[in-house]
S.K.: 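Below is one structure. I have some questions about it.
Both backbone and side-chain heavy atoms feed into the values below; hydrogens, waters and symmetry mates do not. All values derive from a computational prediction rather than experimental measurement.
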Amino acid sequence: MDKERQDSTSSRDSSFVAEILSQVKDDDVLSVLEDQRHMLSRFEKTNEMLMYFNDLSASRYQVTCHQFKEHTQLLTDMKKDLDSIFRRIRALKTKLSKKYPDAFKACSDVYIPDEDFSKPNDTASQDSIISTNEPQQPH
């Protein structure tokens with residue numbers, strides 16, 4: 001009985017396949033296959049180009065990342081140097097204001113530092129700058 005089912009199922013399958021094949025033209029199937037080969041070729045070329053682009057991007061990223069780290073380190077060192085220089089200048093101003101208060105007051109009246117550029121980091125420096133400058137008159 002199982003053999004009869006298999007035979008009937010097999011004959012139905014083959015008749016179904018035969019019916020489908022009779023509805024499809026061979027030229028259409030060949031055309032579809034040719035189009036698929038053409039698209040496969042294009043996709044392979046595109047894939048190669050993308051792989052090349054990814055490799056190039058990765059190498060350029062490595063170079064740029066290295067340069068960025070170097071430049072960041074340079075800027076950090078420059079900031080430390082400038083902070084040190086400005087601390088020394090503030091210390092010299094404090095010494096000069098104590099040693100020559102009249103001359104320092106005369107210079108302070110002529111030159112009023114821009115507040116954006118003279119923001120010290122520590123409070124001791126702020127106190128020395130505040131004590132050396134006279135309060136500004138409103139305009």
S.K.: Please table the atom pairs, donor to acceptor, closer than 3.5 Å between any side-chain atom in residues 42-58 and protein atoms at least two apart or in another chain.
M.R.:
residue : atom : partner : partner atom : Å
Thr46   : OG1  : Arg42   : O            : 2.8
Asn54   : ND2  : Leu50   : O            : 3.4
Ser57   : OG   : Phe53   : O            : 2.9

S.K.: If you define the side chain from C-beta out and look only at heavy atoms, does anything of His38 sit under 4.5 Å from Ser41?
M.R.: no

S.K.: When rounded to the nearest 0.5 angstrom, what distance separates CD1 in Ile89 from OG in Ser84?
M.R.: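 Result: 10.0 Å between the selected atoms.
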
S.K.: In Å and rounded to the nearest 0.5 Å, what is the CD to CG distance from Gln73 to Asp77?
M.R.: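 Going from CD on Gln73 over to CG on Asp77, the span is 4.5 Å.
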
S.K.: Please collect all side-chain hydrogen bond (donor to acceptor under 3.5 Å, both in side chains) contacts where either partner lies in residues 60-70, sequence neighbours excluded, each pair once.
M.R.: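 Every side-chain hydrogen bond (donor to acceptor under 3.5 Å, both in side chains) pair that includes a residue of residues 60-70, provided the two are not neighbours, is His66-Glu70.
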
S.K.: Measuring from atom CG of Asp83 to atom CZ of Arg88, what distance do you get when rounded to the nearest 0.5 angstrom?
M.R.: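 Answer rounded to 0.5 Å: 11.5 Å.
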
S.K.: The criterion is side-chain contact (heavy atoms from CB on, under 4.5 Å); which residues satisfy it with Thr76, sequence neighbours excluded?
M.R.: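 For Thr76, the residues satisfying side-chain contact (heavy atoms from CB on, under 4.5 Å) (neighbours in sequence not counted) are Thr72, Lys80.
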
S.K.: Report, one line per pair, each donor and acceptor closer than 3.5 Å where one atom sits in a side chain of residues 26-36; sequence neighbours left out.
M.R.:
none

